[in-house]
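Reckoned from all heavy atoms, side chains included, excluding hydrogens, waters and symmetry mates.
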Amino acid sequence: MKRPELGAMGGVVLVTIFFLITASPAMFTLPGIMNFLTPAAQLGILGIAAAMLMIGGEFDLSIGSMVAFAGMIFGVLVVNMGLPLIFAIPLTMGFSAAMGALNGAIVIRTGLPSFIVTLAFLFILRGASLVGLKMFTGGSTQLRGVREAVSGDWLAPVFSGDAFGGLFRWMAEMGWIGKLRSGAPTVPGVPVEILWFIAFALVATWVLLRTPAGNWIFATGGDRNAAQNSGVPVRRVKISLFMLTACAAALVAIITVIDSGSTDARRGFMKEFEAIITAVIGGCLLTGGYGSAIGAFFGAIIFGMVTIGLTYTGFDQDWFQVFLGGMLLLAVVFNNAIRKRVTGER
């Protein structure tokens, strides 16, 4: 009961057992595992950032729209302005961080709930993405040509494609993994977003559990006044967390835009709710001060397994929406029971 990630870990076990019984065996082959880990990784990057913000006592409902906004900024920089990735990526991160800081500053200065402020920015950023794309493309809501613009850039493999390709080819030659008729491995490598996902989870966990900043985040979300009286820089912590969620959205935008070769105004649609649900499934309390980055990591894996796993079964894929609502309700009830057990509340 003291480990917030245990519920999510248990959920992974239950979902795995469910699909072992109902799904095709192909789901748990190496190609199948990579297939569901890829969307899990993209959502997980957002979910871990959302979890850290929730531990700090705030919400960010604009994170999905930030994916579209950052994608638009990145696309314009590389396609319309012809900037190399070494300049385009920091500028995209900078724009996104500035919007995150603005979100945080408004929440702190006005005293309005972050739910309301970021809900407003959900529409503002989505509208800005729509208007910006039309302005830079001559009326279209989609910007193409990204893949051609970054082709040959030395930074592109860090944010796109598959890692460890040579290792997987060697494993295929040794007969350890499957091969296509051409002799190429059935899995060309590990998608880079999975590596970003794992690295982000490890760094976030280290920050939360092993650094003063992590203590500040928990203290800020647990009792803001007590934290402030103890010398915790509450304002700086909250603004930094809003900047983190915005930069996480920008990272997902950069990865997905390079992979697909284009960006559009609907990119990241509904991801704000999925990221928050991932954090809640991972053990974050809606009241703040309690949660885990590793829990959000496993929560994202549950999402990925169900999203892709239903295609390996005979079930209608629209059951995913039912699962989404059910998991949210169960997670909130479970987390509320934990909060009462921890605090002694009746």
Test item: L83 and V78 side chains (from C-beta on) under 4.5 Å apart, heavy atoms = no
4.5 Å side-chain heavy-atom contact, L112 and V107 = no
Given the side-chain rings of F69 and F95, with only the six-membered ring counted for Trp, is the space between their centroids under 6.0 Å?
-> no
Are any side-chain N or O atoms of D264 and backbone N or O atoms of R267, one a donor and one an acceptor, separated by less than 3.5 Å?
-> yes
Taking the side chain as every heavy atom from C-beta outward, state whether F159 and V150 have any pair of such atoms under 4.5 Å apart.
-> no
Step-by-step ring pair (Phe, Tyr, Trp, His ring centres under 6.0 Å) determination, F297 to F197 = CA-CA 8 Å; F297 177 89; F197 176 40; 4.5 Å; yes
State whether F269 and R266 meet the cation-pi test: NZ (Lys) or CZ (Arg) under 6.0 Å from the six-membered ring centroid, and within 45° of the perpendicular axis.
-> yes
Counting N and O atoms only, with roles assigned by atom type, does the side chain of T278 sit under 3.5 Å from a partner on the main chain of G47, one being a donor and the other an acceptor?
-> no
Treating Ile, Leu, Val, Met, Phe, Trp and Tyr as nodes and any side-chain heavy-atom pair under 4.5 angstrom as an edge, say whether M72 and M270 lie in one connected cluster.
-> yes
Is any side-chain heavy atom of M66 closer than 4.5 Å to a side-chain heavy atom of D60?
-> no
Heavy-atom nearest pair, A246 first then S96, reads CB-O, 3.1 Å
Parallel under 30°, tilted from 30 to 60°, perpendicular over 60°: which one fits the rings of F115 and F59?
-> perpendicular
Between the side chain of S140 and the main-chain N/O of T137, is any donor-acceptor distance below 3.5 Å?
-> no
Is atom CZ of F164 surrounded by more than 12 heavy atoms (other residues, nucleotides or ligands) closer than 6.0 Å?
-> no
I301-L195 co-clustered via ILVMFWY side chain contacts under 4.5 Å | yes
Transitively linked via ILVMFWY side-chain contacts under 4.5 Å: I239 with L208?
-> no
Would you check if the side chain of R126 reaches a backbone N or O of A265 as a donor-acceptor pair within less than 3.5 Å?
-> yes
Side-chain (T211) to main-chain (G214) donor-acceptor, under 3.5 angstrom | yes
Between the side chain of K238 and the main-chain N/O of G56, is any donor-acceptor distance below 3.5 Å?
-> yes
N80 side chain to F136 main-chain N or O, any donor-acceptor pair under 3.5 Å?
-> yes
T141 versus K134: any side-chain heavy-atom pair under 4.5 Å?
-> yes
Under 3.5 Å, side chain of S65 to main-chain N/O of S62, donor-acceptor pair present?
-> no
Main-chain N/O of N35 paired with T38 side-chain donor or acceptor, under 3.5 Å = no
D153 side chain to L85 backbone, donor-acceptor under 3.5 Å = yes
Would a 4.5 Å heavy-atom cut-off, applied to side chains only, mark L143 and V79 as touching?
-> yes
Could you tell me whether the side chains of S160 and D259 share a donor-acceptor contact shorter than 3.5 Å?
-> yes
